[in-house]
Amino acid sequence: MTAAVLFTTLLAAGCGGGGGDSDAKESASTSGSTSAAASGSASATESDAPAAAPLDEPRLKSAAVTGGDVDGFQITEFPAKPDGGGTARPAACQPLENMRTASPDPGPKAFVGLLAYAGAGPSAGSATTVGLMAYDQSAAAGILDGLRTALKTCTAYEGGVPARTTAESATAPDAGDDAVAFRLTTSGDSSDAFVVVRTGATVVLFYTASGTGSAAEVPEALVSAQIKKLEQAA
């Protein structure tokens with residue numbers, strides 16, 4: 001499967017959901033974000049270091065990984081930022097659906113998207129969307145806290161795609177200041193893998209579809225290279 005086909009598949013999966021009840025989504029997201037932001041604020045103040053400032057789009061672009069930063073990958077820019085997704089039912093799963101469509105709530109101050117296609121090595125044949133998202137640091141912490149809270153109760157949901165999606169936690173990498181990992185499996189498909197890493201005030205999404213029929217794995221080399229470059233640019 002070519003990188004272009006995989007990219008089209010990823011965007012279709014991310015943006016193919018119905019509009020849903022926007023009021024319900026807003027209510028669910030607000031509720032989840034309130035508790036997440038409170039928890040995120042607490043974690044952000046655990047250190048005496050000053051809070052990191054959000055990066056603007058030019059600095060995000062300079063911090064984005066390229067093919068020269070990691071062997072075996074063809075890396076291109078997103079042609080367009082995905083614009084929202086469906087409403088998850090039950091509402092507790094909404095943060096997972098939001099991340100599946102690269103549209104977390106609240107939205108980032110700046111966004112840079114990439115597609116990394118693995119042409120060689122253990123991840124060959126997989127395609128990973130990478131989204132670098134700039135926030136205030138407390139909001140960035142809240143995004144990960146919201147995902148972690150959702151994964152405590154969300155095992156499956158309807159909405160976003162025309163089939164039931166199951167969710168499960170995965171082992172997060174030792175990367176950045178905080179990280180969350182999970183899998184989403186839509187009925188009839190192999191599972192997709194997600195890793196979300198916070199470094200300072202920047203949240204980085206890694207979303208991998210295998211393209212081989214087997215369960216996807218987010219490439220460790222790609223995560224390591226991207227977070228290292230982001231930390232050097234911050």
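One is the number of the first residue; the rest follow in order along the sequence.
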Test item: [X] side-chain N/O and [Y] main-chain N/O as donor-acceptor pair under 3.5 Å:
X: Q226; Y: A63; answer: yes
X: R198; Y: G200; answer: yes
X: Y157; Y: A167; answer: no
X: E158; Y: R89; answer: no
X: Q94; Y: G86; answer: yes

How close do [X] and [Y] get, counting heavy atoms only, and between which atoms?
X: D136; Y: A201; result: C-CB, 4.1 Å
X: C93; Y: A156; result: SG-O, 3.7 Å
X: S123; Y: A118; result: O-CB, 3.1 Å
X: V203; Y: V196; result: CG1-CG1, 3.5 Å
X: G176; Y: T199; result: CA-OG1, 3.5 Å
X: S126; Y: Y117; result: O-CD1, 3.5 Å

Considering only heavy atoms from C-beta outward, does the side chain of [X] approach that of [Y] to under 4.5 Å?
X: I75; Y: T66; value: no
X: P173; Y: V195; value: yes
X: V130; Y: V65; value: no
X: P108; Y: Y135; value: yes
X: L96; Y: L147; value: yes
X: L55; Y: L230; value: yes
X: I143; Y: P106; value: yes

What distance separates [X] [atom1] from [Y] [atom2], expressed to the nearest 0.5 Å?
X: T208; Y: D192; atom1: OG1; atom2: CG; value: 8.5 Å
X: S224; Y: D69; atom1: OG; atom2: CG; value: 11.0 Å
X: L184; Y: C154; atom1: CG; atom2: SG; value: 8.0 Å
X: M133; Y: S103; atom1: CE; atom2: OG; value: 9.0 Å
X: F111; Y: L60; atom1: CZ; atom2: CG; value: 9.5 Å
X: F182; Y: E168; atom1: CZ; atom2: CD; value: 11.5 Å

Quick note, disulfide (SG to SG under 2.5 Å) partners involving residues 161-193, not counting sequence neighbours, are none
For K229, I'd like to know if atom NZ has over 12 heavy atoms of other residues, nucleotides or ligands within 6.0 Å. yes
Salt bridge between D56 and R59, side-chain N to carboxylate O under 4.0 Å? no
Look at E97 together with R100 and state whether they make a salt bridge at an N to O cut-off of under 4.0 Å. yes
What residue among T129, L114, T128 forms side chain to side chain contact (heavy atoms under 4.5 Å, CB included) with F206? T128
